[in-house]
Undergrad: 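Take this structure, written in structure tokens, and hold onto it; I'll ask about it next.
Start at 1 and go down the list; that is how both ligands and their atoms are numbered.
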Amino acid sequence: MNFDLTEEHRMIREMSRDFADEVIEPRAEEMERTGEYPYDIYARMAELGMMGIPFPEDYGGSGGDWVGMHVCIEEIARGDITVAASLEVTTSVVGEELFAFGTEEQKQEWLVPIARGAQIGAFGLTEADTGSDAASLRTTARRDGDEWVLDGVKQFITNIGMDTSSMVIVAARTGIQKNGSPIISTFIVPKTAPGFSLGKRYEKMAWHASPTHEIILDHCRIPAANLLGDPERGFAQHLAALQTGRVSMAAMSVGLAQACLDASLKYAQERTQFGKPIFEHQAVSFKLADMAVAIELARNLMLKAAWLKDQKRKYMFEAAAAKLYASEIAEKAASDAVQIHGGYGCMDEYPVSRYYRSSKFLQIVEGTSEVQRMIIGRVLAGKM
Ligand SMILES: Cc1cc2nc3c(=O)[nH]c(=O)nc-3n(C[C@H](O)[C@H](O)[C@H](O)COP(=O)(O)OP(=O)(O)OC[C@H]3O[C@@H](n4cnc5c(N)ncnc54)[C@H](O)[C@@H]3O)c2cc1C
């Protein structure tokens with residue numbers, strides 16, 4: 001076994017780490033306060049090729065792999081979780097679904113600008129009454145001549161509110177199977193399609209610079225050619241893309257937990273109480289030791305899942321386990337980081353207060369911890 005990153009992966013880590021330290025992290029608190037999306041940061045990430053790491057050069061990428069992508073996402077998340085969230089959705093979920101299931105024409109039209117970072121993609125699955133039980137979605141699509149007509153409302157959609165976002169991949173019912181369950185297909189819906197409109201921007205407790213919107217499809221007409229992949233297997237396609245997304249959410253969680261450890265270790269060595277740095281109090285150093293062990297385990301699990309994907313092997317268990325474990329240890333790390341900072345940890349001038357608010361999202365977005373346990377249970381029972 002070889003646990004070393006390759007030369008290429010090490011270069012990606014170094015590039016992403018320097019960029020996160022020098023460009024992203026110094027702006028993170030201001031971004032959280034204003035809620036303004038940093039288009040300039042994203043443009044520089046595009047120049048560095050970050051959105052195209054796992055895709056072939058023919059499709060606007062750099063011909064790398066998913067281990068490299070996740071090394072990058074972890075470092076970007078260490079700098080700021082909202083920038084990583086945009087990167088994760090556009091590349092690991094939208095880019096991957098287009099790459100895996102799109103026709104050559106769809107890849108050239110939609111994937112190439114996304115992989116180059118010129119445009120950003122969004123993913124539309126969740127509705128008001130269907131989150132974890134996503135297969136019960138209500139949005140419909142019906143064929144009308146050379147077009148599909150979509151009706152429904154999707155909620156909590158990341159990225160779609162950004163000026164640079166071009167489209168959203170939408171899951172919709174297109175019929176009924178013999179067993180009575182719905183046929184779900186997926187569609188590429190351009191933001192410019194007639195009948196598409198952006199609903200409200202949600203006010204959130206954190207991740208302020210990652211815009212989250214409702215989208216309204218009111219007799220929304222798109223060309224027939226915008227059907228993505230197999231019309232009978234749209235839901236399975238969406239789930240396949242979300243499986244990659246789970247690994248990326250794990251990478252984001254590891255990055256956030258690492259930021260908690262870095263900040264807390266520094267603070268514990270500087271802050272003095274009872275005549276010595278608080279690091280010298282065992283209760284504090286044990287918290288840091290536990291945090292470091294948990295991060296190491298989460299990182300290894302996340303990279304193993306990414307590696308399995310690169311080997312084109314099954315990674316359903318590893319993806320769900322990585323998302324579950326990494327997001328739970330990230331929340332614990334953020335809570336301990338605030339504890340180690342004491343009262344200062346509750347003040348916005350210290351980043352750990354932002355880390356604490358941000359960490360909870362990781363256990364919910366792209367499948368809650370309970371859903372990950374359901375997937376793991378089904379894998380154990382041989383049902384997946
Ligand atoms: C910031 C943010 C960004 C998001 N971005 C996107 C996006 O870009 N695209 C998109 O489509 N969606 C997006 N989402 C939606 C997100 O994926 C869902 O919120 C998530 O999947 C949970 O669904 P829900 O909110 O409807 O919760 P529910 O499904 O209603 O769950 C509520 C609670 O019940 C639990 N629960 C439900 N079913 C079971 C069960 N069978 N057993 C045990 N417990 C259960 C859940 O685990 C949870 O704790 C985003 C959400 C947020 C907060």
Side-chain angles (χ1 to χ4, degrees), residues 31-32 35 37 77 80-97 114 120-139 150 152-162 165-172 184 186-189 191 198-217 228 234-235 237-246 248-250 252-253 256 320 323-324 327-328 330-331 354 357-378 383:
M31 280 157 27
E32 180 72 356
Y37 190 80
D80 181 64
I81 202 81
T82 62
V83 177
S86 288
L87 174 62
E88 184 271 328
V89 170
T90 194
T91 303
S92 304
V93 184
V94 179
E96 171 60 358
E97 193 161 348
I114 281 178
I120 182 164
F123 180 81
L125 181 61
T126 306
E127 299 176 2
D129 297 324
T130 57
S132 303
D133 182 16
S136 302
L137 58 84
R138 296 259 168 261
T139 297
L150 282 80
V153 177
K154 297 282 177 184
Q155 72 172 12
F156 301 160
I157 308 304
T158 303
N159 282 354
I160 192 70
M162 290 165 52
S165 83
S166 54
M167 53 81 109
V168 51
I169 297 183
V170 167
I184 296 174
T186 52
F187 300 90
I188 300 168
V189 180
K191 263 174 95 171
L198 214 52
K200 66 179 172 196
R201 177 174 174 164
Y202 294 90
E203 300 281 337
K204 307 193 292 290
M205 73 173 176
W207 292 32
H208 293 147
S210 168
T212 316
H213 279 264
E214 191 178 62
I215 59 170
I216 299 149
L217 305 166
L228 181 60
F235 192 63
Q237 290 172 197
H238 244 33
L239 292 190
L242 279 178
Q243 192 173 319
T244 317
R246 269 177 225 134
S248 306
M249 292 296 300
M252 287 167 61
S253 305
L256 184 84
K323 205 270 179 182
L324 171 65
S327 63
E328 303 234 319
E331 192 206 13
R354 185 175 76 250
R357 292 192 308 276
S358 299
S359 65
K360 189 65 203 169
F361 286 44
L362 298 164
Q363 296 173 337
I364 292 169
V365 180
E366 288 187 29
T368 64
S369 291
E370 291 76 15
V371 165
Q372 305 311 319
R373 288 188 172 92
M374 282 163 57
I375 294 167
I376 293 166
R378 281 188 208 139
K383 291 182 182 163

Undergrad: Determine yes or no for a side-chain-to-main-chain donor-acceptor pair under 3.5 angstrom, with Thr90 supplying the side chain and Ser86 the backbone.
TA: no
Undergrad: From Glu96 CD over to Gln237 CD, what is the distance, rounded to the nearest 0.5 angstrom?
TA: 11.5 Å
Undergrad: Considering both backbone and side-chain atoms of Thr158, is one of its nitrogen or oxygen atoms within less than 3.5 Å of a nitrogen or oxygen in ligand 1?
TA: yes
Undergrad: N/O of Lys204 under 3.5 Å from N/O of ligand 1, yes or no?
TA: no
Undergrad: Can you tell me which residue and heavy atom of the protein come closest to atom 24 (P) of ligand 1, and the distance to 0.1 Å?
TA: Gly131 CA, 3.9 Å
Undergrad: Do any non-hydrogen protein atoms sit less than 4.0 Å from atom 29 (O) of ligand 1?
TA: yes
Undergrad: Provide, to 0.1 Å, the distance between atom 18 (C) of ligand 1 and the closest protein heavy atom, together with that atom's residue and name.
TA: Thr126 OG1, 4.2 Å
Undergrad: If I take atom OG from residue Ser248 and atom CD from residue Gln243, how far apart are they, to the nearest 0.5 angstrom?
TA: 11.5 Å
Undergrad: To the nearest 0.5 Å, what is the distance between OG (Ser132) and CD (Glu370)?
TA: 7.5 Å
Undergrad: Please round to the nearest 0.5 Å and tell me the distance separating atom CG of Leu242 and atom CD of Glu97.
TA: 8.0 Å
Undergrad: Heavy atoms only: which of Gly121, Pro211, Ala85, Gly367 is nearest to atom 21 (O) of ligand 1?
TA: Gly367
Undergrad: Let me confirm one number: the CE-CZ distance from Met249 to Phe361, rounded to the nearest 0.5 Å.
TA: 10.5 Å
Undergrad: Is the closest N or O pair between Ser132 and ligand 1 shorter than 3.5 Å?
TA: yes
Undergrad: Closest approach of Glu32 and Met205, non-hydrogen atoms and distance?
TA: OE2-O, 4.5 Å
Undergrad: So, does Val365 sit close enough to ligand 1 that a heavy atom of it is under 4.0 Å from the ligand?
TA: yes
Undergrad: Identify the residue among Ile120, Thr212, Leu87 that makes a side chain to side chain contact (heavy atoms under 4.5 Å, CB included) with Asn159.
TA: Ile120
Undergrad: To the nearest 0.1 Å, how far is atom 6 (C) of ligand 1 from its closest protein heavy atom, and which atom is that?
TA: Phe156 O, 2.7 Å
Undergrad: Quick one: does any side-chain atom of Lys154 pair with a main-chain N or O of Phe123 as donor and acceptor, under 3.5 Å?
TA: no
Undergrad: Closer than 4.0 Å and a protein heavy atom, does any atom meet both conditions relative to atom 11 (O) of ligand 1?
TA: yes
Undergrad: For ligand 1, is there an atom lying under 4.0 Å from some heavy atom of Met374?
TA: yes
Undergrad: To check your reading of the model: name the closest protein heavy atom to atom 49 (O) of ligand 1, its residue, and the distance in Å.
TA: Glu370 OE1, 3.5 Å
Undergrad: Under 3.5 Å between any N/O of Phe123 and any N/O of ligand 1: does that happen in this structure?
TA: yes
Undergrad: Just wondering, do Arg357 and Trp207 contact through their side chains at under 4.5 Å, heavy atoms?
TA: no
Undergrad: Can you check whether a protein heavy atom sits less than 4.0 angstrom from atom 33 (C) of ligand 1?
TA: no
Undergrad: Going by distance only, is there an N or O of Phe361 that falls short of 3.5 Å from an N or O of ligand 1?
TA: no
Undergrad: Could you check whether any side-chain N or O of Lys204 sits under 3.5 Å from a backbone N or O of Ser210, counting only pairs where one atom can act as donor and the other as acceptor?
TA: yes
Undergrad: What is the closest protein heavy atom to atom 20 (C) of ligand 1, and at what distance does it sit?
TA: Ile364 O, 3.5 Å
Undergrad: Identify, for atom 17 (O) of ligand 1, the protein heavy atom at the shortest distance, and state residue, atom and that distance.
TA: Glu366 N, 3.3 Å
Undergrad: Report yes or no: does Glu331 contribute a side-chain atom to a donor-acceptor pair with the main-chain N or O of Gln363 at less than 3.5 Å?
TA: no
Undergrad: Could you tell me, atom by atom, which parts of ligand 1 come under 4.0 Å of a heavy atom of Ile157?
TA: 7 (C), 8 (O), 9 (N), 10 (C), 11 (O)
Undergrad: Measuring to protein heavy atoms, does anything land under 4.0 Å from atom 37 (C) of ligand 1?
TA: yes
Undergrad: On a heavy-atom basis, I'd like to know which of Leu137, Val170, Thr368 is closest to atom 48 (C) of ligand 1.
TA: Thr368
